[in-house]
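Residue numbers run from 1 in the order of the sequence given.
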Amino acid sequence: MSSLRDGTTIERTPTAALPVIKPLLGWRVLVPRGGKWGDGIAAQLRSFGAQPVIAPLINFARPEEPELLTAALGRLREGHYDWLLATSATTVDVLVGHGVRPPDTTRIAAVGETTAQALQLAGYRVDFVPSDHSARGLLREWPGGAGLRALLPQSEIADQSLLQGLLERGVDAEFVAAYRTVGVNAPAEVIADVAGRRIRAILVSSGSVARQIAAQFSPLPSEAVVVCIGPRTAFDARAAGLTVHRIAEERSSSSLVRALAEYAMDPDDAHPPVIT
């Protein structure tokens, strides 16, 4: 084992032929969501040498008016909509939980790689994923044209920019609250570890997570590195009072972990190379 001048640790294979870079060796990283997403992030962090600390800060509950969701999903099942727009893996969980299978006449768009993978794993066909994995990218690349009906099931507190953008493009878009996002208190030992500078980085996967981090851990130690999944989440994190050190280029778990690894290798680089 050896180190680069910036402190990055390099391990060698048994044959000493190829170096294995572990830029996060010794880093304890807070993963603020559990489930499959949290487990997947944790595995990727370990591959870079980090020690993940999984502490879910949000959970999901039934919407305040479930009858509106039931009615909208009934129309979806009957083929009323030309498009179903899924913006999160949680939306996919809601569809699965209600046993909804849109007919073949309804096309499905996914915002982001994680959402697309969740749809495919659940057996749904994915017809469109914007190259820019964001609501902004979907609007810019919208393939449906005007005059079509689209259903947009999201969190009750979801940003409405996607809905408004679709309406402005002449799409008959309908928002329905599919779930509520609720805060979860972090374990006392995790709060103590953050305050005691024993957690070196925090991954921020949504605006809701950012607000919980600000509420439960503020003031963050100046050494705590905050990495956000995409510009919208970074905007929400800054609005919550957090200092953002790096932004993942894509809304995917792999991009989020890469962004942290790139920061660890060169924290002063404003335009880091992509780690593959």
Side-chain angles (χ1 to χ4, degrees), residues 33 35-37 58-181 205-208 229-230 232-233 250-253:
R33 285 180 57 185
K36 294 179 181 178
W37 189 91
I58 59 172
N59 205 346
F60 306 102
R62 283 162 51 92
E64 293 286 356
E65 298 178 295
E67 66 277 5
L68 297 181
L69 174 63
T70 299
L73 294 181
R75 292 191 292 273
L76 175 65
R77 190 182 287 110
E78 294 165 2
H80 175 77
Y81 303 102
D82 300 295
W83 281 89
L84 167 65
L85 308 182
T87 60
S88 73
T90 307
T91 297
V92 181
D93 291 339
V94 171
L95 295 172
V96 172
H98 283 78
V100 176
R101 293 286 164 177
D104 291 340
T105 53
T106 300
R107 301 181 70 189
I108 302 176
V111 177
E113 174 187 298
T114 301
T115 305
Q117 289 176 348
L119 283 164
Q120 291 166 341
L121 287 172
Y124 293 93
R125 182 190 71 254
V126 178
D127 298 291
F128 176 69
V129 182
S131 57
D132 176 354
H133 296 171
S134 66
R136 179 182 57 193
L138 189 148
L139 289 172
R140 185 169 55 248
E141 302 172 32
W142 172 245
L148 299 178
R149 294 185 295 266
L151 179 63
L152 185 57
Q154 291 181 294
S155 166
E156 284 186 346
I157 60 173
D159 177 77
Q160 297 296 299
S161 59
L162 178 55
L163 175 67
Q164 292 302 319
L166 290 168
L167 293 173
E168 290 169 3
R169 284 160 175 74
V171 180
D172 184 8
E174 176 187 342
F175 165 82
V176 64
Y179 55 91
R180 285 184 297 123
T181 304
S205 57
S206 68
S208 298
I229 188 167
R232 177 67 212 187
T233 300
E250 298 177 356
R251 287 189 58 83
S252 68
S253 58

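Other residues, nucleotides and ligands contribute over 12 non-hydrogen atoms within 6.0 Å of the CZ atom of Arg125.
In this structure, Glu250 CD and Thr114 OG1 are separated by 10.0 Å, a value rounded to the nearest 0.5 Å. Separation of atoms OG1 (Thr87) and CG (Leu138) is listed at 9.5 Å; rounding is to 0.5 Å. Note: Glu67 CD to Glu64 CD = 10.5 Å, rounded to the nearest 0.5 Å. Atom CH2 of Trp37 is separated from atom OG of Ser253 by 7.0 Å, given to the nearest 0.5 angstrom.
Between Ser208 and Ile157, the shortest heavy-atom contact is OG-CD1, 3.6 Å. Of all heavy-atom pairs spanning Leu69 and Val94, the tightest one is CD2-CG1, 3.9 Å. Smallest separation of non-hydrogen atoms from Ala110 and Leu119: CB-CD1, 3.7 Å. The two atoms that bring Val129 and Ala116 nearest to each other are CG2-CB, 3.9 Å, heavy atoms only. Between Gly165 and Leu139, the shortest heavy-atom distance links the atoms C-CD2, 3.6 Å. The two atoms that bring Pro103 and Gly79 nearest to each other are CG-CA, 3.5 Å, heavy atoms only.
Listed by chain and residue number, nothing satisfies the side chain to side chain donor-acceptor pair (under 3.5 Å) test with Gln164 (two or more places apart in sequence, or in another chain). In this structure Arg77 satisfies the side-chain contact (heavy atoms from CB on, under 4.5 Å) test together with Val100, sequence neighbours excluded.
In this structure the side chain of Leu85 never reaches within 4.5 angstrom of the side chain of Val111, judged on heavy atoms. Counting only heavy atoms from C-beta outward, the side chains of Asp159 and Arg232 approach each other to under 4.5 Å. Thr91 is not listed as a side-chain neighbour of Thr115, based on a closest heavy-atom distance of 4.5 Å or more. Contact check for Val92 versus Leu121: no side-chain heavy atoms found under the 4.5 Å cut-off. A 4.5 Å side-chain heavy-atom check between Leu95 and Leu73 finds at least one atom pair inside the cut-off. Between Arg33 and Ile58 there is a side-chain heavy-atom pair separated by less than 4.5 Å. In this structure the side chain of Phe175 reaches within 4.5 angstrom of the side chain of Gln154, judged on heavy atoms. Annotation: side chain of Glu174 is not in contact with side chain of Arg149 (no heavy-atom distance under 4.5 Å).
Checking Thr181 against Ser155 by side-chain atom types alone, a donor-acceptor pair falls below 3.5 Å. No donor-acceptor contact under 3.5 angstrom links the side chains of Thr105 and Tyr81, judged on distance only. Under 3.5 Å, the side chains of Ser131 and Glu141 contain a donor-acceptor pair of N or O atoms.
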*Mind running side chain to side chain contact (heavy atoms under 4.5 Å, CB included) on Val171 and Leu167 for me, showing each step along the way?*
CA-CA 5 Å; Val171 180; Leu167 293 173; over 6 Å; no
*asked:* Checking Leu162 against Leu152 for the side chain to side chain contact (heavy atoms under 4.5 Å, CB included) test, could you report, in this order, the C-alpha distance in whole Å, the side-chain angles of both residues, the deciding distance, and whether it holds?
replied: CA-CA 9 Å; Leu162 178 55; Leu152 185 57; 3.7 Å; yes
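Listed for the Arg75 side chain is no donor-acceptor partner under 3.5 Å among the backbone atoms of His80. A distance-only check finds a donor-acceptor pair linking the side chain of Asp127 to the backbone of Ile108 [under 3.5 Å]. Using modelled atom types, no side-chain atom of Thr106 and backbone atom of Pro102 make a donor-acceptor pair closer than 3.5 Å. The main-chain N or O of Ala118 is never found under 3.5 Å from a side-chain atom of Gln120 such that the two would form a donor-acceptor pair.
Taking the six-membered ring where tryptophan is involved, the planes of Trp83 and Phe128 are perpendicular, since the angle between them exceeds 60° and thus also 30°.
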